[in-house]
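Numbering of ligands and ligand atoms starts at 1, following listing order. Residue numbers run from 1 in the order of the sequence given.
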Amino acid sequence: MIQMKKKKIVVVGSGHVGSTTVYTLMMAGTADEIVLIDVNRDKAEGDALDMNHGMSFLPPVRLRVGGYEDCADAALVVITAGAATTPGETRMDLLQRNTRVFDNILDQMTPHLGEGAIIMVVTNPVDVLTQAVLRRSGLPPQRVIGSGTVLDTSRLKGAIAGHIGVDARDVFTFVIGEHGDTEVAAFSATTISGMSLSEYCRLYGCCEENKTDLCHLHELHETVRTAAYHIIEKKGATYYAVALAVNKIAKAILSDQKAILTVSSLIDGPYGIRDTCLSLPCVVGAGGVERILEAPYSAEETRALRHSAETIRNAVESIEPAFIYSS
Ligand code: NAD
């Protein structure tokens, strides 16, 4: 009898992001088993019941509420639990609160982690918490990833696509560095049908006001960098697009897609950055982060990337060593 590899995902946190992620994973048929964990068990049970009632419309999947022992045979554990930003707060403002939440989660989870486990952190500040999980879990660096700037990259693709009037899927670009205020839009590595963005704009015009040259890059990046703040001001949380981003990463891992995604992972060497979790384009497959791609960015972008790394590094050092390095 052929033994199929189990596609089990544990999602920790059944709030806006966690529950929407589960819904998206189910709709996409990414997993064959999903386990939901939340300190508020009623919320997790309510979500599981609600979503289970749609099972007849979806690809087969078992969804239930469980505990940390479920991590033992999971292919992927996604952590979305913790405080979210309120209007006026930055992601870094969440650090102390979510360090405490992660302390609690990691104490319970770590004894159950199987050798093949991959952990994906979504909770903010995502790069700092990815590094905390890496240290505490003892897992190899390629198996501890953050959702990083996968969402920001999608936002940038959408912004450029809208600006020049093409399909977002035909824009190749990257947001690198921190998932946060110091993130860097890598316009120098952006291509449209094999042309650089500036070449494309010179040939075809990039917007109504300016038919001849590249323009509005700063505004495009600002729209992306501040997108979450505007959404949170209007409706209190962001969850749909991030759930799609998490599903994309999960699918790359569970289906060994070798997709190139700007997940957050340990960077130690490229661009002179040492021992810091941040986003660069990576090949993502069954092994987690299988290769980190070191592209030639402009001097200004490389400088901004190093500054972004420094910001994350300082935040990592501000968490008590007892938290980040205890095992
Ligand atoms: P939320 O308040 O709606 O949900 C948080 C959930 O975590 C709650 O259900 C709560 O009960 C649970 N929780 C808290 N402590 C827990 C613990 N110790 N163990 C288990 N569960 C626990 O928040 P949200 O809007 O879902 O946001 C969650 C996190 O995701 C935030 O940090 C937010 O900033 C982040 N986020 C990240 C991205 C990204 O791109 N990485 C995008 C959006 C939101």
A.B. asks: Considering only the protein, which heavy-atom contact is closest to atom 42 (C) of ligand 1, and what is its distance?
C.D. replies: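 Here the closest protein heavy atom is Val242 CG2, 3.5 Å.
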A.B. asks: What protein heavy atom sits nearest atom 40 (O) of ligand 1, and how far away is it?
C.D. replies: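 Result: His179 NE2, 3.2 Å.
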A.B. asks: Check ligand 1 against Leu151 and write out every atom of the ligand that is under 4.0 Å from a heavy-atom position of the residue.
C.D. replies: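 Listed by number with element: 40 (O).
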A.B. asks: Does the ring centre of Tyr271 sit less than 6.0 Å away from the ring centre of Tyr297?
C.D. replies: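 They qualify: ring centres under 6.0 Å apart.
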A.B. asks: Scan side-chain atoms only and decide if Asp152 and His179 contain a donor-acceptor pair under the 3.5 Å cut-off.
C.D. replies: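 The criterion, which ignores hydrogens and geometry beyond distance, is satisfied for His179 and Asp152.
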A.B. asks: Hey, does Val263 have a side-chain heavy atom less than 4.5 Å from the side chain of Val150?
C.D. replies: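 Yes, their side chains come closer than 4.5 Å.
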A.B. asks: Could you identify the single nearest non-hydrogen protein atom to atom 29 (C) of ligand 1 and state the distance to 0.1 Å?
C.D. replies: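 Minimum-distance protein heavy atom for atom 29 (C) of ligand 1 reads Thr80 O, 3.5 Å.
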A.B. asks: So which protein heavy atom does atom 20 (C) of ligand 1 come closest to, and at what separation?
C.D. replies: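 Protein heavy atom at minimum distance: Val39 N, 3.3 Å.
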A.B. asks: Parallel, tilted or perpendicular for Tyr239 and His16, by the 30°/60° rule?
C.D. replies: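 Tyr239 and His16: parallel rings.
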A.B. asks: Select one of side chain, backbone, both or neither to describe which atoms of Ile37 lie under 4.0 Å from any atom of ligand 1, heavy atoms only.
C.D. replies: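 Neither part.
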A.B. asks: Can you check whether Lys43 reaches Ser19 side chain to side chain, under 4.5 Å on heavy atoms?
C.D. replies: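 Yes, close enough: below the 4.5 Å cut-off.
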A.B. asks: To check your reading of the model: name the closest protein heavy atom to atom 15 (N) of ligand 1, its residue, and the distance in Å.
C.D. replies: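 For atom 15 (N) of ligand 1, the nearest protein heavy atom comes out as Val101 CG1, 3.7 Å.
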A.B. asks: Which of the atoms in ligand 1, numbered in the order shown and given with their element, are less than 4.0 Å from a heavy-atom of Val122?
C.D. replies: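 Close to Val122: 35 (C), 36 (N), 37 (C), 38 (C), 39 (C), 41 (N).
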A.B. asks: Quick one: which ligand 1 atoms are inside 4.0 Å of a heavy atom on Asn98?
C.D. replies: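 Once the distances to Asn98 are compared, the set is 32 (O).
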A.B. asks: With a 3.5 Å cut-off and sequence neighbours excluded, list the donor-acceptor pairs that the side chains of residues 246-255 form with protein atoms.
C.D. replies:
| from | atom 1 | to | atom 2 | distance (Å) |
| --- | --- | --- | --- | --- |
| Asn247 | OD1 | Thr30 | OG1 | 2.5 |
| Lys251 | NZ | Ala28 | O | 2.9 |

A.B. asks: State the atoms of ligand 1, each with its element, that fall below the 4.0 Å cut-off from a heavy-atom position in Thr238.
C.D. replies: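 Close to Thr238: 42 (C), 43 (C).
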A.B. asks: Could you tell me whether ligand 1 has any atom less than 4.0 Å away from a heavy atom of Lys43?
C.D. replies: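 It does not; every heavy atom stays at 4.0 Å or beyond.
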A.B. asks: Counting each atom of ligand 1 from 1 as listed, which ones have a heavy atom of Leu94 under 4.0 Å away?
C.D. replies: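 In order of number, 34 (O).
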A.B. asks: Counting heavy atoms only, which of Thr21, Asp38, Asn40 is nearest atom 11 (O) of ligand 1?
C.D. replies: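 Nearest heavy atom to atom 11 (O) of ligand 1 lies in Asp38.
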A.B. asks: Please report which non-hydrogen protein atom sits nearest to atom 7 (O) of ligand 1, along with the residue it belongs to and the distance in Å to one decimal place.
C.D. replies: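 Protein heavy atom at minimum distance: Gly82 N, 3.2 Å.
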A.B. asks: Between Asp256 and Lys258, is there a salt bridge with N-O shorter than 4.0 Å?
C.D. replies: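 A salt bridge links Lys258 with Asp256.
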A.B. asks: Does the pair Leu293 and Val283 meet the rule for a side-chain contact (heavy atoms from CB on, under 4.5 Å), with working shown?
C.D. replies: CA-CA 8 Å; Leu293 305 178; Val283 176; 4.2 Å; yes
A.B. asks: Can you pull out the closest protein heavy atom to atom 36 (N) of ligand 1? Residue, atom name and distance to 0.1 Å, please.
C.D. replies: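 Here the nearest protein heavy atom works out to Asn124 ND2, 3.4 Å.
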A.B. asks: Nearest heavy atom to atom 32 (O) of ligand 1 wins, so pick from Ala84, Ala243, Gly15, Ala83.
C.D. replies: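 It is Ala83 whose heavy atom sits nearest to atom 32 (O) of ligand 1.
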A.B. asks: Applying a 4.0 Å heavy-atom criterion (strictly less than), which segment of Asn104 is in contact with ligand 1: side chain, backbone, both, or neither?
C.D. replies: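 It is the side chain that touches ligand 1; the backbone stays farther off.
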A.B. asks: Quick one: does Asp275's side chain have a donor or acceptor within less than 3.5 Å of a partner on Asp268's backbone?
C.D. replies: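 Side chain of Asp275 to backbone of Asp268, a donor-acceptor pair under 3.5 Å: no, none is there.
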A.B. asks: Within 45° of the ring axis of Phe172 and under 6.0 Å from its six-membered ring centre, is that where the NZ or CZ of Lys157 lies?
C.D. replies: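 Yes, cation above the ring, under 6.0 Å and within 45°.
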A.B. asks: List the steps and the verdict of side-chain contact (heavy atoms from CB on, under 4.5 Å) for Gln131 and Leu266.
C.D. replies: CA-CA 7 Å; Gln131 190 139 357; Leu266 186 70; 4.3 Å; yes
A.B. asks: Regarding atom 30 (O) of ligand 1: of the candidates Val12, Val121, Val17, Leu36, which has the closest heavy atom?
C.D. replies: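 Looking at heavy atoms only, the winner is Val17.
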A.B. asks: Would you kindly specify which portion of Ser14 sits under 4.0 Å from ligand 1, judged on non-hydrogen atoms: side chain, backbone, both or neither?
C.D. replies: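 Backbone only; the side chain of Ser14 stays clear of ligand 1.
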A.B. asks: Just checking, any donor-acceptor pair under 3.5 angstrom between side chains of Asp50 and Tyr23?
C.D. replies: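 No, no side-chain donor-acceptor contact under 3.5 Å.
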A.B. asks: Can you figure out which of His16, Met120, Arg155 has its heavy atom closest to atom 3 (O) of ligand 1?
C.D. replies: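 Selected option, by shortest heavy-atom distance: His16.
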